[in-house]
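Keep in mind it's a predicted model, so treat the numbers as computed, not measured. Just so you know, ligand 1 is whichever comes first in the structure, and atom 1 is the first atom listed for that ligand.
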Amino acid sequence: MSNYKINNLQKYNDVYKSSVNDPEKFWEDIAVKNFIWKKKWDSVLEWDFSKPEIKWFKGAKLNITENCIDRHLKVRGDKTAILFEPNNPDEETQYITYNQLHKKVNKFANVLKQEGVKKGDRVCIYLPMIPELAISVLACARIGAIHSVVFAGFSANALATRINDSKCSMIITADGSFRGAKTIDLKGIVDEALEKCSCIKNVLVAKRIMSEINMKNGRDKWLETLLYNASDQCEAEIMDAEDPLFILYTSGSTGMPKGMVHTTAGYMVYTAYTFKNAFQYNENDVYWCTADIGWITGHSYIVYGPLANGATTVMFEGVPSYPNYGRFWNIVEKHKISQFYTAPTAIRALAKQGSHFIENYDLSSINVLGSVGEPINEEAWHWYNDNIGKKKSPIIDTWWQTETGGIMITSIPNVTPTKPTFATLPFIGVQACLMDENNNELEGNQVEGKLCIKFPWPSIARTIWGNHKRYKETYFSAFKNKYFTGDGALRDDVGNYRITGRVDDVIIVSGHNLGTAPIEDAINEHPMVAESAIVGFPHYIKGCALYGYITLKNVSESNHNDNTRKEINELINIRIGPIAKLDKIQFTSGLPKTRSGKIMRRILRKIACNETSKLGDTSTLLNPEVVKEIIDNALM
Ligand code: WT7
C-alpha cells in the first residue's frame, strides 16, 4: 500500500513525480496492491489521442461490485456502507451494512436478469435519492448491464431523449419522490417519456411516496414484489477492464446531450484512489457528499469511490432548506460527519440564512470540507471556512468533469496548501497544461490559457455513446495530442491552478452544466419567437444565471409582456427541466450578428454582465445599431 495514502507534502511531491515519470508503473502498482482481479492485464496502458483510443489494464478481468462490496464482507461486513437520511427528519435513518448491501444488490441483480436484462444492455435509472438508486446502479454493474442514470429533476422530454439515444431496454423508477414539503410524480413523468420510447420493454417501480399510480399491464412491475421473491446470491459477471460500466449524459455546446461512456477498471482504480486521498478517509469516518447520484459527483464520490474503500457513505434524500436551513448541520451533528462535500451554490444559499441555523449544532466532527461544480468565489470560501470548518478544516476545491470521471485538480487536506478560489495542484498522475491562442503550451508560471490534459489518466471517458466522431471533435481536436477541457484557467507563481470558467457555449448554473443550444431550441418552439440567444450572468446564489435575448416574429408592444415570458419558461421547463429556467428575458428587435450570420454572444454576455464599457470590437457586426438598443433596454 506504499503509494496508496499520500500523507505529507514530501510524499505528494515524490509520488507525483513518479506518477508522471512512469505512469504505467505507477498505476500498475496501485492496481495490483489495492484491488481484486479475476485476471491481471496484458498491458497497463495503450493510448493514442489522435484516434482517440485509450485502454487501461487491457485484458484484465474483474467485477467492480466485488471490489466495492464482496471483499469487505470478511473485514467489515457489519460496518455501515450506506447511511440513508430521508427527506423527512422524523422518518428513521437507515443503516445498510456491507453484508446487507451484498444481499440487496444480489437480489436486485437477480431481478434484472429475470426480467431479461443481459450483459451489455442499457438500463435507465430515474430514481430519487433513495437506497434503491445506489443498489440498482450496483446491481447493473453486478451483471454487466450498462447503467444510465438520469437525474430525477429532468423533464419527460429530456428523459426520453436520453433513453432513446442509448436504447435502454428497461427503466427503473419510483411511484414518486419527496422534495422538501412537496412530492413529485416521477412515474407520471416516466409514462409521458415512454410515449416516445419504443425501446423500453420493462418498467420497475419502487414504492416511495405510496401514491396511487397507473401501472401499465405487462410493462410495469412493482420492484418490491420482485425483490421479495429473488435469491440473495448472484455470481458477479466477469467483466473486461474496458467493458462499459455506465453512460452518463452531460450537456454540450450544441444539440444532443453527450452520453459519456466510462469503462470498468480504470474508473474503479482512479475514483477509489482519489477518494482515499482527496478526502483523507479513515476507517471510522462517516463521509457525506450532498450531490445527487444523477450527476457524476454522485457516481464517483457517493457510490463507487467510497464503497471501493469500504467507507460509510451518506445518501441524503432531501434539500438543504427542509424543514429549515439547519438541516445539513443537523445531519452533520447527528452522524458525526468527518468529510463534507458540497457545491458553491449550496454554500451561498446557506450563507444567506444567518448564523443561528449553524450555532445550534455541533460541527466539530468535520475534518475536511469539499467544494465542486463551479468556481467557489472568495466570499463563499471564507464563509465556509469560518462558519463550517471553524478555520480548522482544510477546504478542497475539487475541479473535474463528467468526462474526467474523477477529481483532477485539488489540494490534499493537511498535505498540500489551500488557496481561496484556486483548485490548486493537479492530482497524482494528472498532467495539466495551459494553451495559448496559437496552440502553444504556455511554459512557466503566472500565465492564463485554455486548460488541457497532456496524458491519459485511468478514468477518462472513452467515447460518446454512438458518436465517437463527436468525442474526437469535442475533446481532441482543439489542440493536437491533448484533451481539451472546455475551461479557461490561470496558473499562479507556484503552479496553483485557478479555473476561470467555460470558454465554450456551456453555462454552469448552480453547478449544473447547461448547453445553450437545447435551451434556445426550446425557446424557439414558442410560436411567437423568431430567434433567441442565451448567455450567463453572475448570480449571487446560482453562481451563474441565464439571460435570454429574444426576438419575436410580430413586433408589437403588446407581445412584450410577462405572459410571454412565463410561456417561454414553461416551454423550457417541459423540454429540459426547471434548472434551465431563464432569470431574465429581454425582448429585442434583433440580435447582434457577424456578416456570416453568427450571433455574437460575446457582446450579449458583456451586456448581461453590465460590462458595456468592455464590448470590444463591434465593427465586424452586420447590425451594430441593435447593440445600442439592447444596452438601452438591458435588464439590470
Ligand atoms: C464543469 C464540469 C465535476 C462534477 C460536477 C460538474 C465546472 C467543476 C469546478 C471547480 C471551477 C468547476 C467546470 C467543468 N467545474 N468543478 N472546482 N472549480 N469550475 O461536472 O457537469 O461535467 O461540469 O464544471 O467548468 O468543466 P460537469
Inset, instruction - Tell me which protein heavy atom sits closest to atom 11 (C) of ligand 1, plus the residue, atom name and distance to 0.1 Å. - result: Pro375 N, 3.1 Å
Inset, instruction - May I ask you to say whether Asp492 pairs ionically with Lys419, meaning some side-chain N is under 4.0 Å from a carboxylate O? - result: yes
Inset, instruction - Verify, without hydrogens or angle tests, whether Asn309 (side chain) and Gly305 (backbone) share a donor-acceptor contact under 3.5 angstrom. - result: yes
Legend entry - Nearest-neighbour protein heavy atom for atom 1 (C) of ligand 1, which is reported as residue plus atom name and distance: Ile508 CD1, 3.7 Å
Legend entry - N/O separation below 3.5 Å, Gly373 to ligand 1: yes
Inset, instruction - Return yes or no for this condition: an N or O of Thr402 is under 3.5 Å from an N or O of ligand 1. - result: yes
Inset, instruction - Look at Lys606 together with Glu611 and state whether they make a salt bridge at an N to O cut-off of under 4.0 Å. - result: yes
Inset, instruction - Decide yes or no for Trp288 and Phe328: does some side-chain heavy atom of the first lie under 4.5 Å from some side-chain heavy atom of the second? - result: yes
Inset, instruction - Tell me which part of His512 gets within contact of ligand 1: side chain, backbone, both or neither, using heavy atoms under 4.0 Å. - result: neither
Inset, instruction - Please confirm whether Trp295 comes under 4.0 Å of ligand 1, counting heavy atoms of the residue only. - result: no
Legend entry - Donor on one side chain, acceptor on other, Tyr270 and Ser300, under 3.5 Å: no
Legend entry - Presence of salt bridge, Arg327 and Glu85, under 4.0 angstrom: yes
Inset, instruction - Note the single closest protein heavy atom to atom 9 (C) of ligand 1, along with its residue, its atom name and the distance in Å. - result: Glu374 N, 3.5 Å
Legend entry - Asp487 and Lys450 ion-paired at < 4.0 Å: no
Legend entry - Side-chain (Trp56) to main-chain (Trp457) donor-acceptor, under 3.5 angstrom: yes
Legend entry - For atom 23 (O) of ligand 1, the protein heavy atom that lies nearest, with its residue and separation: Asn513 ND2, 3.2 Å
Inset, instruction - Show which atoms of ligand 1 fall inside a sub-4.0 Å distance from at least one heavy-atom site of Asp397. - result: 10 (C), 17 (N), 18 (N)
Inset, instruction - Check each atom of ligand 1 against the heavy atoms of Ile499 and keep those under 4.0 Å away; list them by number with element. - result: 11 (C), 19 (N)
Legend entry - Sub-4.0 Å atoms of ligand 1 with respect to non-hydrogen atoms of Ile296: 4 (C)
Inset, instruction - Quick one: look up the protein heavy atom nearest atom 2 (C) of ligand 1 and list residue, atom name and how far away it is. - result: Trp400 O, 3.7 Å
Inset, instruction - Could you find the nearest protein heavy atom to atom 14 (C) of ligand 1 and give me its residue, atom name and distance? - result: Asp487 OD2, 3.1 Å
Inset, instruction - Report yes if Thr297 has an N/O atom closer than 3.5 Å to an N/O atom of ligand 1; otherwise report no. - result: no
Inset, instruction - Taking the six-membered ring of Phe537 (Phe, Tyr or Trp), confirm whether the NZ or CZ of Lys584 is under 6.0 Å from its centre and within 45° of its axis. - result: yes
